[in-house]
Number of protein chains: 2
Amino acid sequence: MNIGEASSRSGLPAKTIRYYEDIGLIRPDRGDNGYRDYGADDVHKLRFLHRSRSLGFSVEECRQLLALYEDKSRASADVKDIAATKLTEIDRKIRELTELRRTLEHLVHACHGNERPDCPILEELSEG
Amino acid sequence: MNIGEASSRSGLPAKTIRYYEDIGLIRPDRGDNGYRDYGADDVHKLRFLHRSRSLGFSVEECRQLLALYEDKSRASADVKDIAATKLTEIDRKIRELTELRRTLEHLVHACHGNERPDCPILEELSEG
DNA sequence: ATGAACCTTCCTGTTACTGGAAGGTCAAGG
DNA sequence: CCTTGACCTTCCAGTAACAGGAAGGTTCAT
């Protein structure tokens, strides 16, 4: 498929997809006309990149994560180390998002424009 | 407190804190010597910024989230709209992180270097 | 009072894109 | 066959969100 379809299927702008090729994250085939040609596996990788980037992982971290998939038969020690580190990070992110969610929900349901002292958000914030 | 202590308490580099001041996210006092002077509430905001940035929210989104705290007595309709939108995003992020976590965990526990066809990761990836 | 460890502003560099120009390709309609 | 519009290509410039480092002022302990 062309880059346009890969873009709409992955959710990434075509510009970003070309950039990811520039920095060596994906290597699509080329047709005789010079157009990039993406397969289903490329789209999987692009969706994966889209997701992990939006979750606060840097491009270099995404490169590592992607390598876990592509280089599955590598010595397991390395793979496990990297994966385990990322798991810890992911758990932290989930915890922090859950906290943030709780705080925001209080704001929506309990803090409707009344004055400061009785706002539950302030209590949470002042816990530190 | 000086910027150094605000930095170590919030986890943000001093450079970043100055940058956040440049773009109007925080406005610390200044001492007679010209040094920035941060209070406990500033540190709360900085920690909040640190967390939400690392969770994939842009600086502009963080500005909105911060405004929810600072502008608590604003017309609730606006506040609730923004907060509700962010809640949806947060829920999506939590779902995606949980998925990513599950996939990685499989990689660590089930996919230890053996060949492709029987690797559970590949099945997940090919679901699409 | 001198050195280390802070702080200040300013200017440049990096990462991860984003927009736009200039031009080639393709499928449909007149 | 030709053109029109929607694709695609490369390349170059701009933006966002910082990071590094120079040049210099402040504070504090020895």
Side-chain angles (χ1 to χ4, degrees), chain A residues 1-40 42-43 45-67 86 89 93 96 100, chain B residues 1-40 42-43 45-67 86 89 93 96 100:
Chain A
M1 79 193 75
N2 284 348
I3 200 171
E5 196 175 342
S7 166
S8 65
R9 288 202 194 180
S10 67
L12 283 172
K15 282 269 181 188
T16 303
I17 297 179
R18 291 195 196 95
Y19 173 71
Y20 286 168
E21 184 179 351
D22 277 0
I23 62 173
L25 281 181
I26 38 162
R27 306 172 188 285
D29 291 344
R30 293 281 178 143
D32 290 346
N33 50 14
Y35 285 18
R36 291 168 178 84
D37 182 25
Y38 297 89
D42 291 321
V43 174
K45 290 180 196 172
L46 291 172
R47 293 177 59 140
F48 177 79
L49 287 168
H50 185 35
R51 230 183 299 157
S52 37
R53 283 293 293 130
S54 93
L55 295 171
F57 290 101
S58 75
V59 165
E60 283 318 304
E61 288 173 319
C62 290
R63 195 191 297 273
Q64 287 189 347
L65 287 168
L66 209 54
K86 294 301 170 198
E89 272 178 66
K93 280 173 191 283
E96 290 178 352
L100 187 57
Chain B
M1 79 193 72
N2 284 348
I3 200 172
E5 196 174 342
S7 166
S8 66
R9 288 202 194 180
S10 67
L12 283 172
K15 282 268 180 188
T16 303
I17 297 179
R18 291 195 196 96
Y19 173 72
Y20 286 167
E21 184 178 352
D22 277 359
I23 62 173
L25 281 181
I26 38 161
R27 308 173 187 283
D29 291 344
R30 294 280 179 144
D32 290 347
N33 50 13
Y35 285 17
R36 292 166 177 86
D37 182 23
Y38 297 89
D42 291 320
V43 174
K45 289 181 197 172
L46 291 173
R47 292 177 59 138
F48 177 80
L49 287 168
H50 185 36
R51 229 183 301 158
S52 37
R53 283 293 291 129
S54 93
L55 295 171
F57 290 101
S58 74
V59 165
E60 283 318 303
E61 289 173 319
C62 290
R63 195 191 296 274
Q64 286 189 348
L65 287 167
L66 210 54
K86 293 301 170 199
E89 272 177 67
K93 280 173 191 284
E96 290 177 353
L100 187 58

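Below, chains carry the letters A, B, ... as their sequence lines are ordered, and counting in each starts from 1. Excluded from the calculations below are hydrogen atoms, water molecules and symmetry mates; all remaining heavy atoms, backbone and side chain alike, are included.
- In this structure, B:Asn33 contributes its side chain and B:Tyr35 its backbone to a donor-acceptor pair below 3.5 Å.
- In this structure, A:Arg53 CZ and A:Glu61 CD are separated by 9.0 Å, a value rounded to the nearest 0.5 Å.
- Within residues 30-40 of chain A, the residues approached by DNA chain D to less than 4.0 Å at the level of any non-hydrogen atom are A:Arg30, A:Gly34, A:Tyr35, A:Arg36, in residue-number order.
- Comment: A:Arg30 engages A:Glu21 in a salt bridge, judged by a side-chain N to carboxylate O separation of less than 4.0 angstrom.
- Nucleotide C:dC17 holds its C1' atom 11 Å from the CG atom of A:Leu12, rounded to whole Å.
- Put simply, CD on B:Glu21 is 12 Å from P on C:dC10, counting in whole angstrom units.
- B:Ile3 comes within contact range of the sugar-phosphate backbone alone, with a heavy-atom separation under 4.0 Å but no base atom that close.
- Rounding to the nearest 0.5 angstrom, the gap separating the CG atom in B:Asn2 from the CZ atom in B:Arg36 is 10.5 Å.
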* Go through the steps for B:Gln64 and B:Phe57 under the test side-chain contact (heavy atoms from CB on, under 4.5 Å), then give the verdict. => CA-CA 10 Å; B:Gln64 286 189 348; B:Phe57 290 101; over 6 Å; no
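- Under a 4.0 Å N-O distance rule, the pair A:Glu96/A:Lys93 does not qualify as a salt bridge.
- The heavy-atom pair separating B:Phe48 from B:Leu66 by the smallest distance is CD2-CD1, 3.6 Å.
- Scored by the side chain to side chain donor-acceptor pair (under 3.5 Å) test, A:Arg63 finds A:Glu60 as partners (sequence neighbours excluded).
- Nearest-nucleotide positions on DNA chain C place B:Glu5 closer to the 5' end than the other of B:Lys15 and B:Glu5.
- Heavy-atom contacts of chain A under 4.0 Å fall on DNA chain D between two terminal nucleotides, which in 5' to 3' order are D:dC7 to D:dC11.
- One interatomic measurement links the two molecules: CG of A:Asp22 to P of C:dC17, which rounds to 12 Å at whole-angstrom precision.
- Using a 4.0 Å heavy-atom criterion, one finds that A:Arg18 contacts the bases of the nucleic acid, with or without backbone contacts as well.
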